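One structure below.
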Protein chains: 2
Amino acid sequence: MTTAGEDCCEVQCIHEDKVKLARRERLAEDTVTALADIFKTLGDATRLRILSALMRQELCVCDLAAVIEMSDSAVSHQLRVLRSQKLVKFRREGKVVYYSLADDHVRTLFAQGLEHVNE
Amino acid sequence: MTTAGEDCCEVQCIHEDKVKLARRERLAEDTVTALADIFKTLGDATRLRILSALMRQELCVCDLAAVIEMSDSAVSHQLRVLRSQKLVKFRREGKVVYYSLADDHVRTLFAQGLEHVNE
DNA sequence: CTAACATATGAACAATTATTCAAATGTAGG
DNA sequence: CCTACATTTGAATAATTGTTCATATGTTAG
């Protein structure tokens with residue numbers, strides 16, 4: 001019956017040795033947060049549809065909106081989130097802004113996720 | 001100025017050809033949802049801490065709670081989410097339930113995420 | 001400068017979700 | 001059977017988040 005915040009003195013650990021080992025290997029707070037943010041960003045159907053559409057070619061906001069059948073505004077909002085996590089990059093050409101995948105990690109993560117799903 | 005729900009007739013697509021191509025390659029609705037669910041599950045600091053602790057060894061609920069310094073209840077709730085996405089598996093030994101990573105996809109996804117973070 | 005258009009942004013609302021607390025399982029030992 | 005303990009569950013609250021609508025940038029053409 002452990003309660004949050006308690007330290008090891010009062011805790012009824014079943015396996016103190018294992019716990020100590022695991023504690024020593026904990027990830028830094030920042031790392032965990034950053035990692036969670038990446039996955040959180042990938043954890044939305046709209047954003048995945050956007051990324052999926054960008055797999056083959058770069059697309060502008062208007063095109064993306066047409067492909068996934070959502071408003072330009074909604075797409076733009078989500079692109080901002082994707083940008084903030086460096087999952088997409090963009091280039092401007094006149095009035096038009098073209099988005100594309102930021103790097104190959106995105107492809108790999110996407111592919112790995114699909115593999116997990118298809119079993 | 002596209003609005004949600006419109007079909008291609010009224011939409012002002014900049015590049016009709018690209019849009020048609022991208023539309024043909026869209027993922028199935030179910031696939032996108034399943035993929036989003038996996039990433040959503042990975043997109044939480046508490047759950048990542050749990051998975052990280054399970055990287056080296058199996059641990060029971062009580063131990064996990066001690067490692068990540070949260071209540072047994074909170075951990076149990078999150079383990080249920082991880083189980084529902086088949087990211088962890090468990091075995092019972094008397095009163096104690098031991099959790100471990102479900103398969104190597106979890107490790108790979110985790111590692112890929114870390115790589116993206118560490119740049 | 002003005003009009004037209006692509007994109008971005010802000011505020012608001014609805015929906016989802018994580019944690020807590022209390023209580024319920026289920027298991028082992030006396 | 002009763003107690004102790006590990007884990008699970010349910011309800012409630014608080015916080016986060018996606019979409020919409022209206023409006024604001026910023027760029028190009030006339």
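Throughout, a chain's letter reflects where its sequence line sits, starting with A, and its residues are numbered from 1. Keep in mind the model is a prediction, meaning the values are calculated, not measured.
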Legend entry - For A:Q57, all residues meeting side chain to side chain contact (heavy atoms under 4.5 Å, CB included), sequence neighbours excluded: A:L59, B:K18, B:L21, B:A22
Inset, instruction - Rounded off to whole Å, could you give me the CG-to-P distance for the A:L64 and C:dT7 pair? - result: 9 Å
When you compare the protein's N or O atoms with those of nucleotides 9-14 of chain D, which come within less than 3.5 Å of each other, and at what distance?
from, atom 1, to, atom 2, distance (Å)
D:dT9, O4, B:S73, OG, 2.7
D:dG10, O6, B:H77, NE2, 2.8

Inset, instruction - List in chain and number order the residues that pass side chain to side chain contact (heavy atoms under 4.5 Å, CB included) with B:K95, two or more places apart in sequence or in another chain; answer none if no residue qualifies. - result: none
Inset, instruction - May I ask you to list the residues of residues 43-56 of chain B, by number, that have any heavy atom positioned under 4.0 Å from an atom of DNA chain C? - result: B:D44, B:T46, B:R47
Inset, instruction - Give a yes or no on whether A:K89 atom NZ has more than 12 heavy-atom contacts from other residues, nucleotides or ligands under 6.0 Å away. - result: yes
Inset, instruction - Please state how far atom NZ in B:K40 lies from atom C1' in C:dA18, giving the value in whole angstrom units. - result: 14 Å
Inset, instruction - Calculate the interatomic distance between A:I14 atom CD1 and D:dC5 atom C1'; express it in whole Å. - result: 8 Å
Legend entry - Nearest-nucleotide 5' precedence on DNA chain D, B:V96 against A:D37: B:V96
Please enumerate all protein N or O atoms sitting under 3.5 Å from an N or O of nucleotides 23-29 of chain C, with distances to 0.1 Å.
none

Inset, instruction - Please identify each residue that fulfils side chain to side chain donor-acceptor pair (under 3.5 Å) with A:R26, with sequence neighbours left out. - result: B:E69
Inset, instruction - Just jot down the side chain to side chain donor-acceptor pair (under 3.5 Å) partners of B:R80, sequence neighbours excluded, or say none. - result: none
Legend entry - Heavy-atom closest contact (B:L64 atom, B:A53 atom, distance): CD2-CB, 3.9 Å
Legend entry - Separation of D:dA6 C1' from B:L59 CG (nearest whole Å): 15 Å
Legend entry - Phosphate OP1/OP2 of D:dT19: any A:Q78 side-chain N/O under 4.0 Å: yes
Inset, instruction - Write down the atom of B:I14, the atom of A:C62, and the distance for their closest heavy-atom approach. - result: CG1-CB, 4.0 Å
Legend entry - B:Y99 side chain near D:dA6 phosphate (N/O to OP1/OP2, under 4.0 Å): no
Legend entry - Global bending angle along the helix from C:dC1-D:dG30 to C:dG30-D:dC1, which compares the axes of five pairs at either end, to 10 degrees: 20°
Inset, instruction - Describe the nucleic acid contact of A:F90 in one word from base, sugar-phosphate, nothing, applying a heavy-atom distance below 4.0 Å. - result: nothing
Legend entry - Residue pairs passing the salt bridge (Lys or Arg N to Asp or Glu O under 4.0 Å) test where at least one lies in residues 107-119 of chain A, sequence neighbours excluded: A:D104-A:R107
Inset, instruction - Verify side-chain contact (heavy atoms from CB on, under 4.5 Å) between B:E29 and A:R49, making sure each step is shown before the conclusion. - result: CA-CA 10 Å; B:E29 189 62 31; A:R49 274 187 268 267; 3.3 Å; yes
Inset, instruction - May I ask you to decide if B:L87's main-chain N or O and A:H116's side chain share a donor-acceptor pair within less than 3.5 Å? - result: no
Inset, instruction - Round to a whole Å and report the spacing from CG of A:L79 to C1' of C:dT9. - result: 14 Å
Legend entry - Under 3.5 Å donor-acceptor, B:S76 side chain and B:S73 backbone: no
Inset, instruction - Among residues two or more places apart or on two chains, list those pairs meeting ring pair (Phe, Tyr, Trp, His ring centres under 6.0 Å) that have a residue in residues 50-90 of chain A. - result: A:F90-A:Y99
Legend entry - Length of the line joining A:D72:CG and D:dA24:P, which is rounded to integer Å: 18 Å
Inset, instruction - Give the rounded distance in Å between these two atoms: CD1 of A:I68 and P of D:dG18. - result: 13 Å
Let me have the donor-acceptor pairs involving side chains of residues 37-44 of chain A, under 3.5 Å, with sequence neighbours excluded, atom names and distances please.
from, atom 1, to, atom 2, distance (Å)
A:T41, OG1, A:D37, O, 2.7
A:D44, OD2, A:T46, N, 3.1
A:D44, OD2, A:R47, N, 3.1

Inset, instruction - With sequence neighbours left out, write down each residue that passes side chain to side chain donor-acceptor pair (under 3.5 Å) with A:R91, or none if nothing qualifies. - result: A:E58, A:E93
